[in-house]
Amino acid sequence: MISWKIEKRKITDLKPHKENPRIFTEKGMKDLESSINCIGYASPILINTNNTILSGHARAIKLQEIGFNEIDVYVPDRLLP
């Protein structure tokens, strides 16, 4: 079983996953920004132990664009494939 812990990381240290299948539309990113401005970002970004983003690519992009330098991330207890 994988154990996850929450940590703070600099956004600039996070790396997008090279096989991320998501396509971010302009409308989707605007909607995401509105949501973050309204309620914050309630779900931390999931990363691998090597700082590769597993889930939350759009949130990482948008949080950096609106001025966040450091964010909460979930990190597993071991490197995931």
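Residue numbers run from 1 in the order of the sequence given.
Note on I66 and Y41: same hydrophobic cluster, where clusters join Ile, Leu, Val, Met, Phe, Trp and Tyr whose side-chain heavy atoms are under 4.5 Å apart, directly or indirectly. Grouping the Ile, Leu, Val, Met, Phe, Trp and Tyr side chains by contacts below 4.5 angstrom, directly or via other members, places L54 with I6.
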Distance-only donor-acceptor hits, side chain of residues 72-81, under 3.5 Å, sequence neighbours excluded:
from: D72; atom 1: OD1; to: K8; atom 2: NZ; distance (Å): 2.9
from: R78; atom 1: NH1; to: M1; atom 2: O; distance (Å): 3.3

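Between the side chain of S34 and the main chain of K30, a donor-acceptor pair closer than 3.5 Å is present. Within the 3.5 Å criterion, the main-chain N or O of H17 finds a donor-acceptor partner in the side chain of H57.
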Go through the steps for L63 and I11 under the test side chain to side chain contact (heavy atoms under 4.5 Å, CB included), then give the verdict.
-> CA-CA 8 Å; L63 289 168; I11 291 181; 3.9 Å; yes
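Here the CG atom belonging to D31 is positioned 10.5 Å from the CD atom belonging to E26, to the nearest 0.5 angstrom. How far CG of N51 is from CD1 of I45: 11.5 Å, rounded to the nearest 0.5 Å. The distance from the CZ atom of R9 to the CG atom of N69 is 16.0 Å, given to the nearest 0.5 Å. With rounding to the nearest 0.5 Å, the separation of OG in S55 from CD1 in I53 is 9.5 Å.
Electrostatic pairing of E65 and K62 counts as a salt bridge here, judged by a charged N lying under 4.0 Å from a carboxylate O.
Here the side chains of I61 and L32 are not in contact, with every heavy-atom distance at 4.5 Å or above. For the pair K15/N50, a side-chain contact is recorded, criterion being any heavy-atom separation below 4.5 Å from C-beta on. L14 places a side-chain heavy atom less than 4.5 Å from the side chain of I47.
Atom CD1 of I23 has 12 or fewer heavy atoms from other residues, nucleotides or ligands within 6.0 Å.
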